[in-house]
There are 2 protein chains.
Amino acid sequence: MEDLKDITKVFKALADSSRVRIIKMLESKPLCVCEITFVLNLSTSTVSKHLSILRDCGLILDEKNGKWVNYMINPDLNSNLREQLINLVNTSLVNDNFIKLDKANLIMADRNLLCNI
Amino acid sequence: MEDLKDITKVFKALADSSRVRIIKMLESKPLCVCEITFVLNLSTSTVSKHLSILRDCGLILDEKNGKWVNYMINPDLNSNLREQLINLVNTSLVNDNFIKLDKANLIMADRNLLCNI
DNA sequence: TTGTTATTTCGCTAAATGACGAAATGAATT
DNA sequence: AATTCATTTCGTCATTTAGCGAAATAACAA
(Lines give C-alpha, C1' and ligand atoms only; values in the text may rest on other atoms or scores of the structure.)
Protein backbone atom coordinates (compact mmCIF):
# COMPACT_ATOMS: atom_id res chain seq x y z
CA MET A 1 0.00 0.00 0.00
CA GLU A 2 1.42 3.30 -1.12
CA ASP A 3 1.18 6.49 0.87
CA LEU A 4 1.60 10.09 -0.18
CA LYS A 5 5.27 10.12 0.77
CA ASP A 6 6.14 7.03 -1.30
CA ILE A 7 4.31 8.33 -4.35
CA THR A 8 5.90 11.75 -4.10
CA LYS A 9 9.29 10.06 -3.87
CA VAL A 10 8.70 8.20 -7.14
CA PHE A 11 7.53 11.36 -8.91
CA LYS A 12 10.56 13.23 -7.59
CA ALA A 13 12.79 10.50 -8.99
CA LEU A 14 11.29 11.02 -12.44
CA ALA A 15 11.32 14.82 -12.19
CA ASP A 16 14.80 15.15 -13.68
CA SER A 17 15.67 14.77 -17.34
CA SER A 18 18.90 12.88 -16.68
CA ARG A 19 17.02 10.28 -14.67
CA VAL A 20 14.33 9.91 -17.33
CA ARG A 21 17.11 9.41 -19.87
CA ILE A 22 18.59 6.70 -17.64
CA ILE A 23 15.23 4.90 -17.46
CA LYS A 24 14.95 5.08 -21.25
CA MET A 25 18.45 3.62 -21.62
CA LEU A 26 17.78 0.81 -19.19
CA GLU A 27 14.77 -0.22 -21.26
CA SER A 28 17.21 -1.66 -23.82
CA LYS A 29 19.39 -3.61 -21.42
CA PRO A 30 21.15 -3.50 -18.03
CA LEU A 31 24.01 -1.03 -17.95
CA CYS A 32 26.95 -0.26 -15.70
CA VAL A 33 27.69 3.18 -14.30
CA CYS A 34 30.47 3.93 -16.76
CA GLU A 35 28.28 3.22 -19.79
CA ILE A 36 25.59 5.58 -18.52
CA THR A 37 28.24 8.16 -17.62
CA PHE A 38 29.59 8.02 -21.18
CA VAL A 39 26.17 8.70 -22.71
CA LEU A 40 25.03 11.40 -20.27
CA ASN A 41 28.43 13.08 -20.29
CA LEU A 42 28.26 13.80 -16.56
CA SER A 43 30.72 12.98 -13.80
CA THR A 44 30.69 9.44 -12.42
CA SER A 45 29.68 10.64 -8.99
CA THR A 46 26.70 12.52 -10.35
CA VAL A 47 25.49 9.49 -12.30
CA SER A 48 25.97 7.27 -9.27
CA LYS A 49 23.80 9.67 -7.25
CA HIS A 50 21.06 9.64 -9.91
CA LEU A 51 21.09 5.85 -9.91
CA SER A 52 20.78 5.69 -6.13
CA ILE A 53 17.72 7.99 -6.28
CA LEU A 54 16.08 5.72 -8.86
CA ARG A 55 17.01 2.67 -6.80
CA ASP A 56 15.77 4.10 -3.50
CA CYS A 57 12.27 4.63 -4.85
CA GLY A 58 12.13 1.11 -6.23
CA LEU A 59 12.22 1.79 -9.96
CA ILE A 60 15.56 0.13 -10.67
CA LEU A 61 17.81 -2.55 -9.17
CA ASP A 62 21.55 -2.99 -8.99
CA GLU A 63 23.49 -6.21 -9.24
CA LYS A 64 27.20 -6.59 -8.52
CA ASN A 65 29.16 -8.23 -11.30
CA GLY A 66 32.86 -8.29 -10.55
CA LYS A 67 34.09 -4.74 -10.39
CA TRP A 68 31.07 -3.53 -12.29
CA VAL A 69 27.64 -2.76 -10.93
CA ASN A 70 24.83 -3.46 -13.37
CA TYR A 71 21.70 -1.41 -13.10
CA MET A 72 18.38 -2.54 -14.59
CA ILE A 73 14.68 -1.73 -14.48
CA ASN A 74 13.30 -3.51 -11.42
CA PRO A 75 11.70 -6.63 -12.92
CA ASP A 76 9.51 -6.95 -9.84
CA LEU A 77 7.94 -3.50 -9.52
CA ASN A 78 5.90 -4.37 -6.48
CA SER A 79 3.24 -1.77 -7.09
CA ASN A 80 0.76 -0.82 -9.73
CA LEU A 81 2.00 2.77 -9.57
CA ARG A 82 5.63 1.98 -10.36
CA GLU A 83 4.66 -0.50 -13.04
CA GLN A 84 2.40 1.97 -14.82
CA LEU A 85 4.95 4.76 -14.53
CA ILE A 86 7.64 2.62 -16.12
CA ASN A 87 5.20 1.64 -18.89
CA LEU A 88 4.34 5.29 -19.35
CA VAL A 89 7.98 6.32 -19.70
CA ASN A 90 8.62 3.31 -21.88
CA THR A 91 5.92 4.25 -24.37
CA SER A 92 6.76 7.96 -24.25
CA LEU A 93 9.59 9.86 -25.90
CA VAL A 94 10.02 7.38 -28.75
CA ASN A 95 10.55 10.27 -31.15
CA ASP A 96 12.43 12.63 -28.88
CA ASN A 97 15.72 13.65 -30.48
CA PHE A 98 17.75 13.57 -27.27
CA ILE A 99 16.52 10.09 -26.47
CA LYS A 100 17.30 8.93 -30.00
CA LEU A 101 20.81 10.33 -29.67
CA ASP A 102 21.26 8.59 -26.33
CA LYS A 103 20.29 5.27 -27.92
CA ALA A 104 22.73 5.85 -30.76
CA ASN A 105 25.52 6.71 -28.34
CA LEU A 106 24.69 3.70 -26.23
CA ILE A 107 25.62 1.39 -29.11
CA MET A 108 29.16 2.75 -28.95
CA ALA A 109 29.30 2.50 -25.18
CA ASP A 110 30.97 -0.86 -24.66
CA ARG A 111 32.19 -1.14 -21.10
CA ASN A 112 35.34 -2.96 -22.20
CA LEU A 113 36.27 -0.21 -24.61
CA LEU A 114 35.37 2.46 -22.06
CA CYS A 115 37.30 0.92 -19.21
CA ASN A 116 40.35 -0.73 -20.77
CA ILE A 117 41.90 2.45 -22.10
CA MET B 1 4.11 15.04 -29.53
CA GLU B 2 5.85 15.22 -26.18
CA ASP B 3 9.53 15.86 -25.75
CA LEU B 4 11.82 15.26 -22.80
CA LYS B 5 11.34 18.79 -21.50
CA ASP B 6 7.52 18.59 -21.50
CA ILE B 7 7.49 15.24 -19.77
CA THR B 8 9.98 16.34 -17.12
CA LYS B 9 7.80 19.40 -16.50
CA VAL B 10 4.76 17.22 -15.81
CA PHE B 11 6.73 14.95 -13.47
CA LYS B 12 8.13 18.01 -11.65
CA ALA B 13 4.57 19.26 -11.19
CA LEU B 14 3.62 16.00 -9.48
CA ALA B 15 6.83 15.82 -7.44
CA ASP B 16 5.42 17.76 -4.51
CA SER B 17 2.98 16.40 -1.95
CA SER B 18 0.90 19.59 -1.79
CA ARG B 19 0.34 19.47 -5.53
CA VAL B 20 -0.62 15.79 -5.43
CA ARG B 21 -3.08 16.65 -2.67
CA ILE B 22 -4.53 19.39 -4.89
CA ILE B 23 -5.02 16.93 -7.76
CA LYS B 24 -6.75 14.51 -5.38
CA MET B 25 -9.06 17.29 -4.18
CA LEU B 26 -9.91 18.40 -7.69
CA GLU B 27 -11.03 14.87 -8.50
CA SER B 28 -14.17 15.53 -6.44
CA LYS B 29 -15.08 18.86 -7.99
CA PRO B 30 -13.72 22.23 -9.16
CA LEU B 31 -12.42 24.37 -6.31
CA CYS B 32 -11.41 27.97 -5.79
CA VAL B 33 -8.07 29.04 -4.32
CA CYS B 34 -9.49 29.84 -0.89
CA GLU B 35 -11.05 26.37 -0.50
CA ILE B 36 -7.76 24.69 -1.35
CA THR B 37 -5.89 27.10 0.92
CA PHE B 38 -8.20 26.18 3.80
CA VAL B 39 -7.52 22.45 3.40
CA LEU B 40 -3.77 22.67 2.80
CA ASN B 41 -3.29 25.25 5.53
CA LEU B 42 -0.74 27.18 3.49
CA SER B 43 -0.65 30.84 2.54
CA THR B 44 -2.81 31.95 -0.38
CA SER B 45 0.19 33.00 -2.43
CA THR B 46 1.82 29.60 -2.00
CA VAL B 47 -1.33 27.79 -3.12
CA SER B 48 -1.71 30.12 -6.08
CA LYS B 49 1.86 29.28 -7.12
CA HIS B 50 1.21 25.54 -6.82
CA LEU B 51 -1.89 25.92 -8.98
CA SER B 52 0.00 27.83 -11.65
CA ILE B 53 2.62 25.07 -11.82
CA LEU B 54 -0.12 22.46 -12.32
CA ARG B 55 -1.78 24.68 -14.92
CA ASP B 56 1.42 25.44 -16.83
CA CYS B 57 2.09 21.76 -17.46
CA GLY B 58 -1.45 21.19 -18.69
CA LEU B 59 -2.86 19.07 -15.88
CA ILE B 60 -5.47 21.55 -14.65
CA LEU B 61 -7.47 24.50 -15.96
CA ASP B 62 -8.72 27.68 -14.40
CA GLU B 63 -12.00 29.45 -15.11
CA LYS B 64 -12.92 32.91 -13.88
CA ASN B 65 -16.23 33.08 -12.05
CA GLY B 66 -16.92 36.51 -10.63
CA LYS B 67 -14.25 37.28 -8.10
CA TRP B 68 -13.40 33.61 -7.72
CA VAL B 69 -11.17 31.50 -9.91
CA ASN B 70 -12.25 27.89 -10.19
CA TYR B 71 -9.59 25.30 -10.80
CA MET B 72 -10.42 21.87 -12.22
CA ILE B 73 -8.72 18.84 -13.73
CA ASN B 74 -8.21 19.64 -17.40
CA PRO B 75 -11.09 17.77 -19.08
CA ASP B 76 -9.16 17.76 -22.36
CA LEU B 77 -5.78 16.35 -21.39
CA ASN B 78 -4.36 16.52 -24.86
CA SER B 79 -1.85 13.74 -24.36
CA ASN B 80 -1.77 10.13 -23.40
CA LEU B 81 0.89 10.90 -20.82
CA ARG B 82 -1.14 13.47 -18.90
CA GLU B 83 -4.26 11.37 -19.12
CA GLN B 84 -2.57 8.29 -17.75
CA LEU B 85 -0.84 10.26 -15.02
CA ILE B 86 -4.14 11.74 -13.85
CA ASN B 87 -5.70 8.27 -13.92
CA LEU B 88 -2.75 6.96 -11.97
CA VAL B 89 -3.07 9.61 -9.27
CA ASN B 90 -6.83 9.16 -9.28
CA THR B 91 -6.61 5.44 -8.54
CA SER B 92 -3.76 5.84 -6.05
CA LEU B 93 -3.82 7.02 -2.46
CA VAL B 94 -7.43 5.96 -1.86
CA ASN B 95 -6.45 4.74 1.61
CA ASP B 96 -3.88 7.36 2.50
CA ASN B 97 -4.75 9.03 5.79
CA PHE B 98 -3.69 12.52 4.75
CA ILE B 99 -5.79 12.32 1.61
CA LYS B 100 -8.76 11.04 3.61
CA LEU B 101 -8.40 13.93 6.01
CA ASP B 102 -8.21 16.39 3.11
CA LYS B 103 -11.45 15.02 1.72
CA ALA B 104 -13.11 15.32 5.13
CA ASN B 105 -11.89 18.90 5.51
CA LEU B 106 -13.03 19.73 2.02
CA ILE B 107 -16.65 19.06 3.02
CA MET B 108 -16.39 21.89 5.52
CA ALA B 109 -14.70 24.20 3.05
CA ASP B 110 -17.59 26.19 1.66
CA ARG B 111 -16.31 29.25 -0.16
CA ASN B 112 -19.19 31.35 1.12
CA LEU B 113 -18.44 30.47 4.71
CA LEU B 114 -14.72 30.96 4.15
CA CYS B 115 -15.01 34.32 2.44
CA ASN B 116 -17.99 36.04 4.05
CA ILE B 117 -16.49 36.32 7.51
C1' DT C 1 50.37 -7.93 -0.74
C1' DT C 2 50.27 -4.30 -3.92
C1' DG C 3 48.28 -2.16 -7.68
C1' DT C 4 44.44 -1.12 -10.75
C1' DT C 5 39.91 0.05 -11.74
C1' DA C 6 34.73 0.79 -11.03
C1' DT C 7 31.77 2.71 -7.97
C1' DT C 8 30.28 5.20 -3.84
C1' DT C 9 30.60 8.68 -0.38
C1' DC C 10 31.98 13.27 1.16
C1' DG C 11 32.40 18.21 1.06
C1' DC C 12 31.48 21.95 -1.41
C1' DT C 13 29.11 25.46 -4.66
C1' DA C 14 25.54 27.33 -7.62
C1' DA C 15 20.91 27.05 -8.95
C1' DA C 16 16.17 25.76 -8.16
C1' DT C 17 12.31 25.42 -5.12
C1' DG C 18 8.77 26.13 -1.48
C1' DA C 19 7.40 29.11 1.92
C1' DC C 20 5.82 33.71 3.57
C1' DG C 21 4.00 38.64 3.74
C1' DA C 22 3.31 42.79 1.18
C1' DA C 23 1.98 44.99 -2.82
C1' DA C 24 -0.51 44.80 -7.25
C1' DT C 25 -4.43 43.25 -10.03
C1' DG C 26 -9.18 42.33 -11.33
C1' DA C 27 -14.07 41.89 -10.67
C1' DA C 28 -18.22 42.82 -8.22
C1' DT C 29 -20.81 46.16 -5.06
C1' DT C 30 -21.98 50.48 -3.01
C1' DA D 1 -15.58 56.58 -8.37
C1' DA D 2 -14.42 54.28 -4.34
C1' DT D 3 -14.45 50.08 -1.76
C1' DT D 4 -14.15 45.32 -0.94
C1' DC D 5 -12.40 40.96 -1.53
C1' DA D 6 -10.21 36.81 -4.17
C1' DT D 7 -6.28 36.04 -6.49
C1' DT D 8 -1.69 36.89 -8.51
C1' DT D 9 2.85 38.79 -8.57
C1' DC D 10 7.00 40.39 -6.25
C1' DG D 11 10.86 40.27 -3.06
C1' DT D 12 13.05 37.65 0.27
C1' DC D 13 14.66 33.72 2.92
C1' DA D 14 15.67 28.83 4.07
C1' DT D 15 16.02 24.37 2.20
C1' DT D 16 16.85 21.14 -1.37
C1' DT D 17 19.13 19.57 -5.29
C1' DA D 18 22.34 18.74 -9.26
C1' DG D 19 26.75 19.25 -10.27
C1' DC D 20 31.90 18.53 -9.50
C1' DG D 21 36.47 16.73 -7.75
C1' DA D 22 38.79 14.30 -4.13
C1' DA D 23 38.89 10.66 -0.97
C1' DA D 24 37.09 6.13 0.44
C1' DT D 25 35.50 1.50 -0.75
C1' DA D 26 35.20 -2.89 -3.24
C1' DA D 27 36.72 -6.31 -6.42
C1' DC D 28 39.80 -8.26 -9.50
C1' DA D 29 44.93 -8.86 -11.27
C1' DA D 30 49.73 -9.27 -10.79
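If you're wondering where the values come from, they're calculated on a predicted model, not measured in any experiment. Note on naming: letters A, B, ... go to the chains in the order of the sequence lines (proteins, then strands), and numbering restarts at 1 for each one.
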**Student:** What is the distance from CG of B:Leu14 to P of C:dT17, rounded to the nearest Å?
**Tutor:**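 Rounded to whole Å, this separation is 14 Å.
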
**Student:** Can you check whether A:Leu4's main-chain N or O pairs, donor with acceptor, with A:Thr8's side chain at less than 3.5 Å?
**Tutor:**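 Yes; at least one donor-acceptor contact below 3.5 Å.
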
**Student:** Using whole Å, what does the distance between atom C1' of nucleotide C:dT7 and atom CD of A:Glu35 come to?
**Tutor:**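 Distance, rounded to whole Å: 14 Å.
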
**Student:** Return the value, rounded to whole Å, for the distance between atom CD of B:Glu63 and atom C1' of C:dA27.
**Tutor:**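 Those two atoms, CD and C1', are 16 Å apart.
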
**Student:** Return the value, rounded to whole Å, for the distance between atom CZ of B:Phe11 and atom P of C:dA16.
**Tutor:**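 In whole Å, C:dA16 P lies 21 Å from B:Phe11 CZ.
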
**Student:** Any side-chain heavy atom of A:Val69 sitting closer than 4.5 Å to one from A:Leu51?
**Tutor:**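 The answer is no, as the side chains (C-beta and beyond) never meet within the 4.5 Å cut-off.
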
**Student:** Tell me: CD1 of B:Ile36 to C1' of D:dA6, nearest whole Å?
**Tutor:**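 Checked: the CD1 to C1' distance equals 13 Å.
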
**Student:** Reading nucleotides 22-30 of chain D from the 5' end, what letters show protein touch, with B for base, S for backbone sugar-phosphate only, - for no heavy atom under 4.0 Å?
**Tutor:** B----SS--

**Student:** Show your reasoning for whether side-chain contact (heavy atoms from CB on, under 4.5 Å) applies to A:Phe11 and B:Val89.
**Tutor:** CA-CA 11 Å; A:Phe11 281 130; B:Val89 174; 4.1 Å; yes

**Student:** Is a side-chain donor or acceptor of B:Asp62 paired with a backbone partner of B:Tyr71 at a separation under 3.5 angstrom?
**Tutor:**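 No, because the side chain of B:Asp62 does not come within donor-acceptor range (under 3.5 Å) of the backbone of B:Tyr71.
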
**Student:** Any protein N or O atoms within reach of nucleotides 14-19 of chain D? Criterion: under 3.5 Å, listing atom names and distances.
**Tutor:**
residue: D:dA18; atom: OP1; partner: A:Arg19; partner atom: NH1; Å: 3.2
residue: D:dA18; atom: OP1; partner: A:Arg19; partner atom: NH2; Å: 2.8
residue: D:dG19; atom: OP2; partner: A:His50; partner atom: NE2; Å: 2.3

**Student:** Between A:Asn41 (CG) and D:dC20 (P), how many Å, whole number?
**Tutor:**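 In whole Å, D:dC20 P lies 8 Å from A:Asn41 CG.
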
**Student:** Identify whether the distance between the nearest side-chain nitrogen and carboxylate oxygen of B:Lys24 and B:Asp102 falls below 4.0 Å.
**Tutor:**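 No.
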
**Student:** Please answer whether the main-chain N or O of B:Asn70 pairs with a side-chain N or O of B:Asn65 as donor and acceptor at a distance below 3.5 Å.
**Tutor:**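 Absent.
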
**Student:** Which residue pairs satisfy the side-chain hydrogen bond (donor to acceptor under 3.5 Å, both in side chains) criterion with at least one member in residues 82-95 of chain B, sequence neighbours excluded?
**Tutor:**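 As it turns out, the side-chain hydrogen bond (donor to acceptor under 3.5 Å, both in side chains) pairs with a partner in residues 82-95 of chain B, which skip direct neighbours, are B:Glu2-B:Arg82, B:Ser79-B:Arg82, B:Asn80-B:Gln84.
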
**Student:** How many Å lie between CG on B:Leu54 and C1' on D:dT8, as a whole number?
**Tutor:**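 Nearest whole value for this atom pair: 16 Å.
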
**Student:** To the nearest Å, give me how far apart CH2 (B:Trp68) and P (D:dT8) are.
**Tutor:**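 Roughly 14 Å, once rounded to whole Å.
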
**Student:** Any side-chain N or O of B:Tyr71 under 4.0 Å from OP1/OP2 of D:dT8?
**Tutor:**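 Answer yes for this pair, as a side-chain N or O of B:Tyr71 is under 4.0 Å from OP1 or OP2.
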
**Student:** Run the side chain to side chain donor-acceptor pair (under 3.5 Å) test on A:Ser48 and A:Ser45 for me, step by step, so that the C-alpha distance in whole Å, both residues' side-chain angles and the decisive distance to 0.1 Å come before the verdict.
**Tutor:** CA-CA 5 Å; A:Ser48 179; A:Ser45 59; over 6 Å; no

**Student:** Do any N or O atoms from the side chain of B:Lys12 and from the backbone of A:Ala15 form a donor-acceptor pair under 3.5 angstrom?
**Tutor:**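 Here the side-chain-to-backbone pair exists.
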
